[in-house]
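Have a look at the structure below, then the notes.
Just so you know, ligand 1 is whichever comes first in the structure, and atom 1 is the first atom listed for that ligand. What you are looking at is a predicted structure, and each value in this text was computed from that prediction instead of being measured.
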Amino acid sequence: MSEVLVVIDHAEGEVKKPTYELLTIARRLGEPSAVFFGSPEQGDAVAEKVKKYGAAKVYVVDDAQIKGFLVAPKAEALQQLAEKTSPAAILLPSTFENKEVGARLAIKIGSGLITDAVDVTDGGVTTQSVFAGNFTVQAKVTTGTPIITVKPNSAAPEESEGAGTVEAFAVTVSDAAKGAQIVATQPRQSTGRPELTEAAIVVSGGRGTGGNFEPVEGFADSIGAAVGASRAAVDSGWMPHAFQVGQTGKTVSPQLYVANGISGAIQHRAGMQTSKTIVAVNKDPEAPIFELVDFGVVGDLHTVLPAATEQIAAR
Ligand code: FAD
């Protein structure tokens with residue numbers, strides 16, 4: 001069976017859920033091999049985790065020459081791994097960084113690239129939402145090794161035992177690839193909530209909050225959700241830009257998206273309309289958001305959300 005390379009998404013060796021989703025998808029295309037960019041000492045522990053989701057091999061790439069730089073060294077490393085393994089496909093979690101890595105890799109190995117897929121079939125056909133969410137398209141790479149970045153929450157992770165054989169992979173990074181160096185990083189302050197782009201549930205607030213996000217945050221916390229915001233809420237200074245969902249913010253694809261006091265402008269939809277189930281709370285029954293919801297509540301969010309939070313707490 002052909003090998004499918006899956007780039008592991010992790011923070012200091014803590015494997016993130018999108019990795020397991022990708023391994024599940026990779027099994028439709030061949031036999032997954034996971035690629036770990038990190039410290040070799042963490043390789044065995046990472047392999048123990050990813051083999052439960054079908055990783056036959058785990059390539060450990062010492063990131064000493066990679067992590068202090070921007071994306072180019074990673075693209076070179078993947079090129080060398082692709083040349084060694086001739087994989088049937090290369091899958092990466094859809095992050096800003098990985099989309100650029102994928103693009104550089106595609107040029108290097110003469111392959112096609114598809115970004116932000118929300119589904120991949122066993123025939124390699126992907127589903128994407130394009131042009132600010134106006135169209136849903138099915139596409140397939142027809143040149144070279146398909147390189148596909150896949151959005152979080154695109155598949156439910158399914159366990160399947162793989163061999164998880166660890167193999168150190170030595171890379172040679174050119175001086176040219178080390179041109180852009182990272183000089184400082186600033187850790188984001190943790191909110192204690194799930195990461196917006198990975199969360200299974202996102203509860204967002206818009207201009208309708210009037211700047212009071214307490215009902216939105218309270219409801220989000222009652223169901224273990226991440227908090228998002230419309231641009232109107234961000235531009236008003238009520239929430240930081242990191243929380244913005246939409247065309248010029250983050251793209252989310254959770255199991256459940258709850259939009260509160262958000263009208264449903266096309267630029268907001270672009271960032272959330274591939275969510276599996278969409279619920280809106282809006283006091284205007286004519287609000288455009290109601291065109292795309294699965295469930296809608298016409299009402300004041302300052303009344304509806306505390307009532308819903310109370311109901312959940314009572315369970
Ligand atoms: P509004 O459109 O003002 O809607 C507020 C809604 O709240 C209304 O429907 C109202 O009925 C309802 N409401 C009011 N009070 C209550 C209450 N008490 N209870 C319940 N409901 C209430 N927008 C984004 O969100 N993300 C983007 O990334 C983004 N990118 C953009 C890029 C460009 C180039 C441009 C031009 C625009 C972009 N926008 C983006 C802005 C977008 O066009 C809208 O202006 C914005 O989404 C509106 O935010 P909103 O729905 O919160 O506010």
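Contact annotation: the side chain of K140 never approaches that of T121 to less than 4.5 Å [non-hydrogen atoms, C-beta and beyond].
With ligand atoms numbered from 1 in the order given, ligand 1 contributes 26 (N), 27 (C), 28 (O) to contacts under 4.0 Å with heavy atoms of G246. In summary, the atoms of ligand 1 found under 4.0 Å from a heavy atom of Q247, numbered by their order in the structure, are 27 (C), 28 (O). Taking every heavy atom of G249 and a limit of under 4.0 angstrom, the matching atoms of ligand 1 come to 28 (O).
Closest to atom 48 (C) of ligand 1 among all protein heavy atoms lies A232 CB, 4.0 Å. Atom 18 (N) of ligand 1 has its closest protein heavy atom at D300 OD1, 3.0 Å. Among all non-hydrogen protein atoms, the one lying nearest atom 51 (O) of ligand 1 is S263 N, 2.7 Å. Protein heavy atom closest to atom 33 (C) of ligand 1, with residue, atom name and distance, is R231 NH1, 3.4 Å.
Neither side chain, T24 nor Y53, offers a donor N or O lying under 3.5 Å from an acceptor on the other. Side-chain N/O atoms of S33 and E31 include no donor and acceptor closer than 3.5 Å.
Closest heavy-atom approach to atom 25 (O) of ligand 1 within the set H268, E286, H241: this belongs to H268. Checking D235, T248, T303, N282 against atom 8 (C) of ligand 1, the nearest heavy atom belongs to N282. Summarising the contacts of atom 5 (C) of ligand 1 with G206, A287, G261, the nearest heavy atom is found in G261. In the candidate list R269, K250, M272, Q244, Q244 is nearest to atom 28 (O) of ligand 1, counting heavy atoms. Looking at H302, Q267, K283 and measuring to atom 21 (N) of ligand 1, the nearest heavy atom belongs to K283.
Stacking of K84 on the aromatic ring of F169 is not recorded, the 6.0 Å distance cut-off and the 45° axial limit not both being met.
Proximity of V245 to ligand 1, defined as any heavy-atom pair under 4.0 Å, is confined to the backbone N, CA, C and O atoms. Counting heavy atoms closer than 4.0 Å to ligand 1, residue A265 contributes side-chain atoms (C-beta onward) but none from N, CA, C or O.
Distances shorter than 4.0 angstrom occur between a heavy atom of G299 and an atom of ligand 1.
With hydrophobic clusters built from ILVMFWY side chains whose heavy atoms lie under 4.5 angstrom apart, I278 shares a cluster with L196.
Ring geometry for Y257 against H268 counts as tilted: the plane angle lies between 30° and 60°, on a 0 to 90° scale.
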